[in-house]
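The residues of the chain are indexed from 1 along the displayed sequence. Only heavy atoms go into these numbers, but all of them, side chains included; no hydrogens, no water, no symmetry mates.
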Amino acid sequence: MGSSTPKTEKIAEKYDPKNVEGKWYQYWLDNKFFSSKPDDREPYTIVIPPPNVTGVLHMGHILNNTIQDVLIRKARMEGKNACWVPGTDHASIATEAKVVRMLREKGIKKSEIGRDKFMEYAWEWKEKYGGIILKQLQTLGASCDWDREAFTMDEKRSEQVLDIFIKLYEDKKIYRGLRMVNWDPVGKTTVSNEEVIHKEEDSKLYYINYRIAEGGGYVTIATTRPETLLGDTAVCVNPEDERYKHLIGKKAIVPLVNREVPIIGDKYVDTSFGTGCLKVTPAHDMNDYDLGKKHNLEVIDIFNEDATLNEAAQIHIGKDRFEVRKDIIKDLKDAGCFIAEIPYKNKVGTSERTGAVIEPRLSKQWFVAMKELCEPALENVLNKNVEFHPASFENMYKSWIDGIQDWCISRQLWWGHRIPAYYLPGNDEEEERFVVAKNLDEAFEKAQAIDPNIKKEDLRQEEDVLDTWASSWLWPISVFDADELDYYYPTTTLVTGFDIIFFWVMRMIIAGYYVKDEKPFKHVYFTGMVRDKMRRKMSKSLGNSPDVFKLMERYGTDGLRYGILSSAAAGNDIMFDTPVPPDNASDAVREAFFEDSKNLDSNICETGQKFANKIFQSFRLINMWEVDDSLPNPNKVAMEWLEATFNQELAAIEKGLGEFRISEALTKLYSLFWHNGFCSWYLEMIKPEYDQAAGKSKPIDGETYRFTVDYFERLLNALHPFMPFITEEIWQLIKERGEKDTICLAAYPTPGTQNPELVAQAEVAFEVIQGIRDIRNKKGLKKHEPLKLMIKTDAPELFNKFEQIIQKLAAISEIEFVNDKVAGAASLVVKNHECFIPLEGKIDVEQERTKLEKELERHKRNLNASTNKLKNERFVNNAKPAVVESERKKLADAEAAIKVLEESLSSL
């Protein structure tokens with residue numbers, strides 16, 4: 001290794017990630033191994049789904065970004081120009097809420113300091129706290145090109161957002177109009193339909209009498225929102241409803257405010273709901289608004305922006321809507337109009353950001369006309385020009401676009417991209433005069449064409465900002481300079497959660513075809529939701545979301561990466577149940593907690609930790625061997641087998657990664673490295689014998705050693721994208737390296753010639769070895785006590801090929817081929833090969849017979865008990881299916897055990 005490369009002076013006995021991860025990540029950064037510039041190589045590009053500038057690393061980020069890192073590291077090792085662009089999203093609503101809270105704690109009100117001063121505080125907050133999550137991603141090993149870090153509200157991105165707004169407006173795709181919107185009275189802004197979370201609540205259905213103006217009598221309406229009756233402008237019935245059709249054309253009187261309103265007929269009314277008679281409040285219900293437009297009804301808005309009542313309500317002015325609900329019921333009872341209230345399950349819309357109950361509100365807003373824009377975005381997903389993984393998400397995507405409505409892009413906030421519209425003086429509700437321009441100077445020039453006498457200071461810029469998604473939909477385009485866009489765009493793969501398929505994925509595809517007439521990415525890999533073993537979404541409020549930094553501290557970053565990746569199948573929810581101690585636990589309690597959880601099968605991160613240590617211990621073993629080039633190579637078969645197995649498994653791993661089956665590929669690598677490959681079989685096959693006299697291992701021949709190191713390196717290269725730190729550490733130690741050598745840029749291995757016949761033959765040999773080991777355990781024979789193996793087979797050449805390996809790994813002194821069964825021997829059958837281990841003189845036959853007979857009696861009793869239960873019709877018909885099935889399994893197990901025991905007794 002060169003002088004600037006980190007060194008480990010002495011190889012430790014146990015792998016300690018704390019001594020490894022920081023030094024190698026800094027080494028990667030110092031040498032700019034993740035940097036990308038356009039050249040003649042094939043680009044492989046990923047843009048990070050920009051986390052909110054308010055965000056901190058959680059399990060969802062761990063999953064998403066580890067997958068991206070696997071893909072980008074592998075592409076880099078394949079010689080592609082790998083470019084992973086990091087960045088953050090300004091997150092209008094969330095960030096503004098944070099800044100408002102911070103100011104409130106200082107005794108400052110947003111409304112009192114004005115927009116400019118507020119924005120100073122907001123930028124100050126962003127510089128101090130924003131982007132923490134990107135620094136945290138470095139601890140995860142994220143190999144982003146950090147020189148390309150972008151922010152959706154930085155100067156470059158902001159300019160592009162304004163340019164696209166103006167282009168859309170000039171193309172008549174953006175308009176301003178009065179529409180019913182979802183209003184968040186806490187955030188005091190509109191929110192999109194997708195940002196409304198519908199929750200089922202225990203509500204009430206209130207029955208109220210409305211007096212008929214002519215001829216007396218009443219109609220009874222049922223409502224869950226009695227406070228809105230103050231804005232009623234009609235009562236509606238179904239014209240086919242015999243109970244009420246005679247009332248159509250008459251007038252009803254709204255209680256408490258005594259407003260006469262028409263009784264109208266419309267088939268929209270569900271005759272089976274409530275009384276079949278509907279109060280119509282066009283200003284405060286989406287469906288009522290549509291009815292109001294259809295029947296030319298008056299619109300009375302009774303709410304302020306904070307959902308308190310305004311002057312139009314006439315009574316309870318200034319009170320909160322939910323307080324008024326209680327007061328209205330009392331008023332109605334006093335007026336003799338209240339009939340009853342009954343419990344009712346109701347779905348209530350709430351704001352995703354603030355949790356406030358959404359209030360439908362009539363408001364002038366800015367909209368994007370979506371229908372035509374969506375056409376290429378749908379076509380190019382259905383024709384696989386943009387490929388979804390799993391493909392099943394195409395159906396969700398199509399259903400969203402089929403039901404698309406115009407996109408309300410204005411938000412009543414200050415933090416965000418201010419809408420580039422400038423109003424001329426003299427506007428009223430009926431007619432608005434405005435121009436759309438990039439800045440005040442351009443706006444003034446355009447305004448003069450409308451009114452030559454206008455002054456620049458007369459122009460007033462729109463107060464609202466754009467919806468956050470109206471900037472992030474340009475992300476794959478906006479992160480690249482104009483002179484490199486054609487090289488990196490379209491990007492290669494997007495990794496994201498399926499929950500933002502409408503918010504972000506669809507809109508990026510729309511923007512891609514609108515701005516560049518090209519897709520923004522070739523592949524979209526949808527991750528699932530990270531859940532606990534009870535299938536609950538992980539969240540701080542439930543207390544089931546682990547502290548990712550404590551997990552990395554305990555299990556190492558590679559251990560955590562292994563844990564989350566091996567749990568994750570594309571598009572499926574991830575059941576991640578690695579135990580973590582409570583946040584407030586003391587060091588002693590935390591240590592005891594981890595100690596107690598060592599035996600949990602679900603502790604998948606500990607599996608990753610043990611895997612990293614196994615790799616380290618394998619290196620230590622190889623590193624201790626003394627090499628003697630004068631020795632002949634006795635390990636030709638073992639080497640051929642490793643090469644064949646490696647090529648076969650690597651081909652399957654490549655196929656899995658190509659199909660985005662990342663967890664499956666990692667599991668295969670784990671098996672190839674450990675249980676069914678390099679460590680468990682190959683190293684055991686070639687390991688030099690121990691020289692008791694010298695007190696150390698005998699030397700290994702040079703050919704075997706170099707082959708072993710070469711394949712160890714290739715395994716490290718294959719594993720590197722998944723577990724980058726342990727692989728870099730061992731890669732640097734296993735051979736001499738140059739000053740700026742790194743596994744990050746080493747060649748990713750490619751499958752060579754496969755030899756399935758040899759692999760299949762080896763599986764037979766391994767099964768025989770394992771069977772002999774099992775016989776030793778069952779018979780209480782010593783591990784290294786020499787045994788004779790007698791084989792009845794039609795393929796002696798197979799066992800001749802693996803004779804040396806079987807003798808070494810199963811402690812077999814001699815192999816003999818026979819034509820008949822061998823009496824008095826323990827036996828096992830592998831495929832169509834019968835193997836016998838003579839036990840004469842090895843065990844006490846009478847003692848073994850007595851032991852087997854007792855065991856046989858026990859299983860026969862179990863067999864009889866299960867048989868009698870299953871013959872009992874009452875048991876079979878009345879017991880739970882799982883209990884009956886369990887009993888059937890016990891019966892089958894007993895039968896199998898009896899067969900084996902009887903064969904063993906016969907052999908004695």
Side-chain angles (χ1 to χ4, degrees), residues 598-602 671 675-676 680 763-794 799 806 809-812 815-816 818-908:
K598 274 188 175 179
N599 296 322
L600 292 179
D601 291 337
S602 59
S671 180
H675 294 304
N676 296 313
S680 60
E763 285 175 2
V764 172
F766 296 156
E767 212 171 319
V768 169
I769 292 166
Q770 192 57 55
I772 296 169
R773 290 172 176 175
D774 290 343
I775 288 172
R776 286 182 183 276
N777 290 333
K778 289 176 183 176
K779 305 301 182 186
L781 300 174
K782 292 179 181 177
K783 185 177 179 182
H784 298 293
E785 182 178 354
L787 298 174
K788 182 176 182 179
L789 173 62
M790 306 173 79
I791 307 172
K792 181 176 180 290
T793 178
D794 292 330
F799 293 94
I806 294 171
L809 300 190
I812 295 297
I815 295 178
E816 179 184 336
V818 296
N819 296 320
D820 296 306
K821 294 182 183 293
V822 179
S827 65
L828 63 129
V829 177
V830 177
K831 301 293 189 286
N832 58 338
H833 315 285
E834 292 185 77
C835 302
F836 304 93
I837 304 291
L839 296 175
E840 186 177 352
K842 303 290 184 185
I843 61 169
D844 185 323
V845 175
E846 286 304 317
Q847 185 180 2
E848 182 70 10
R849 180 180 285 113
T850 302
K851 177 179 145 188
L852 292 176
E853 285 173 344
K854 284 183 179 179
E855 189 71 6
L856 182 61
E857 279 302 312
R858 184 174 71 83
H859 283 290
K860 283 182 175 178
R861 287 195 301 271
N862 291 342
L863 177 72
N864 289 332
S866 295
T867 301
N868 291 333
K869 274 189 178 182
L870 293 169
K871 281 182 179 177
N872 186 332
E873 289 186 11
R874 288 182 62 187
F875 170 76
V876 174
N877 294 332
N878 297 326
K880 291 181 179 179
V883 174
V884 176
E885 188 58 37
S886 174
E887 207 58 49
R888 289 195 177 113
K889 187 175 184 305
K890 287 180 185 177
L891 178 68
D893 290 345
E895 287 174 339
I898 288 168
K899 182 179 179 183
V900 170
L901 289 165
E902 286 178 340
E903 287 176 354
S904 296
L905 279 166
S906 175
S907 70
L908 289 174

Distance (rounded to the nearest 0.5 Å) between S886 OG and K880 NZ: 13.0 Å
Side chain proximity check, L870 to R888, heavy atoms < 4.5 angstrom: yes
Minimum-distance pair of heavy atoms, taken over all atoms of D820 and V818: O-CG2, 3.4 Å
Residue pair V884 / V876: nearest heavy atoms and the distance that separates them: CG2-O, 3.9 Å
Least distance between heavy atoms, K792 atom then N819 atom: CE-O, 3.0 Å
E855 CD to I898 CD1 distance, which is reported to the nearest 0.5 Å: 10.5 Å
Rounded distance [0.5 Å steps], CD in Q770 versus CZ in R773: 6.0 Å
Minimum heavy-atom distance L828-V768, with the two atoms named: CD1-CA, 4.2 Å
Distance in Å, I772 CD1 paired with L787 CG, rounded so as to fall on 0.5 Å steps: 7.5 Å
Test log, rule salt bridge (Lys or Arg N to Asp or Glu O under 4.0 Å), inputs E857 and K854: CA-CA 5 Å; E857 279 302 312; K854 284 183 179 179; over 6 Å; no
Rounded distance [0.5 Å steps], CG in N864 versus CG in L891: 10.0 Å
Trace of the side chain to side chain contact (heavy atoms under 4.5 Å, CB included) decision for K779 with I837: CA-CA 11 Å; K779 305 301 182 186; I837 304 291; over 6 Å; no
Salt bridge (Lys or Arg N to Asp or Glu O under 4.0 Å) involving K821 - partner list, sequence neighbours excluded: E834
Side-chain heavy atoms of V883 within contact of F875, under 4.5 Å: yes
V822 vs S827, side chain to side chain contact (heavy atoms under 4.5 Å, CB included): CA-CA, chis, key distance, verdict: CA-CA 8 Å; V822 179; S827 65; over 6 Å; no
Where V764 and K831 come nearest, the two heavy atoms and their spacing: CG2-CG, 4.0 Å
Over 12 non-hydrogen atoms of neighbours within 6.0 angstrom of CG in N868: yes
Interatomic spacing from NZ in K860 to OG1 in T867 - rounded to 0.5 Å: 12.5 Å
Considering all heavy atoms, the nearest M790-P838 contact: SD-CG, 3.5 Å
Of H784, K783, E785, the residue whose pairing with L781 passes side chain to side chain contact (heavy atoms under 4.5 Å, CB included): E785
CA sep, side-chain torsions, deciding dist, call: H859, L863, side chain to side chain contact (heavy atoms under 4.5 Å, CB included): CA-CA 6 Å; H859 283 290; L863 177 72; over 6 Å; no
